[in-house]
Participant: 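Before we start, here is the structure in question, set down as structure tokens.
Note: hydrogens, waters and symmetry copies are ignored here, and every other heavy atom, side chains too, is used.
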Amino acid sequence: CFPGKNTKGACDREPNEEEIANCSRHIRAEIEILRPRLLIAVGKLAIRQVLGPDLFPKSASLADVVGRPFQVRFHGHPVDVITLPHPSGV
């Protein structure tokens, strides 16, 4: 899902909670079909969605999680997660 461009600049805008919820059904369906054992979460938004607020609260910085391995349940399935910064922020 792509929320569109930021009206105040050239970069993409961050989706709101409703947009995230609307798009999560697609991710859930992919997880059900593929049943991956490893997910690579790239960028704050993806990391927050995969790790959840307990492991990556809004107050945390990327430095707290980037490059660290995690084991979580994502949409009911156990997965290993590797977190990376988004290339646009590097």
Participant: Using a 3.5 Å cut-off and no angle test, enumerate the donor-acceptor pairs between side-chain atoms of residues 77-84 and protein atoms at least two apart in sequence or in another chain.
Facilitator:
residue : atom : partner : partner atom : Å
H77     : ND1  : R35     : NH1          : 3.1
H77     : NE2  : E32     : OE2          : 3.0
D80     : OD1  : Q71     : NE2          : 3.2
T83     : OG1  : V65     : O            : 2.4
T83     : OG1  : G67     : N            : 3.4

Participant: Output all residues satisfying side chain to side chain contact (heavy atoms under 4.5 Å, CB included) with R37, sequence neighbours left out; order by chain, then residue number.
Facilitator: none
Participant: With E18, which residues qualify under side chain to side chain contact (heavy atoms under 4.5 Å, CB included), at least two apart?
Facilitator: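 In terms of side chain to side chain contact (heavy atoms under 4.5 Å, CB included), with neighbours along the sequence ignored, E18 is linked to N16, N22.
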Participant: Would you be so kind as to tabulate the donor-acceptor pairs closer than 3.5 Å made by side chains of residues 40-59, with sequence neighbours excluded?
Facilitator:
residue : atom : partner : partner atom : Å
R48     : NE   : F56     : O            : 3.3

Participant: Could you list the cluster mates of I33? Members are the ILVMFWY residues connected by side-chain heavy atoms closer than 4.5 Å, either directly or through other members.
Facilitator: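 Joined to I33, directly or through intermediates: L34.
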Participant: Please identify each residue that fulfils side chain to side chain donor-acceptor pair (under 3.5 Å) with D64, with sequence neighbours left out.
Facilitator: none
Participant: V72 and L39: side chain to side chain contact (heavy atoms under 4.5 Å, CB included), yes or no, with the steps?
Facilitator: CA-CA 10 Å; V72 300; L39 291 177; over 6 Å; no
Participant: R28: what forms a side chain to side chain contact (heavy atoms under 4.5 Å, CB included) with it, not counting sequence neighbours?
Facilitator: S24, R25, H75
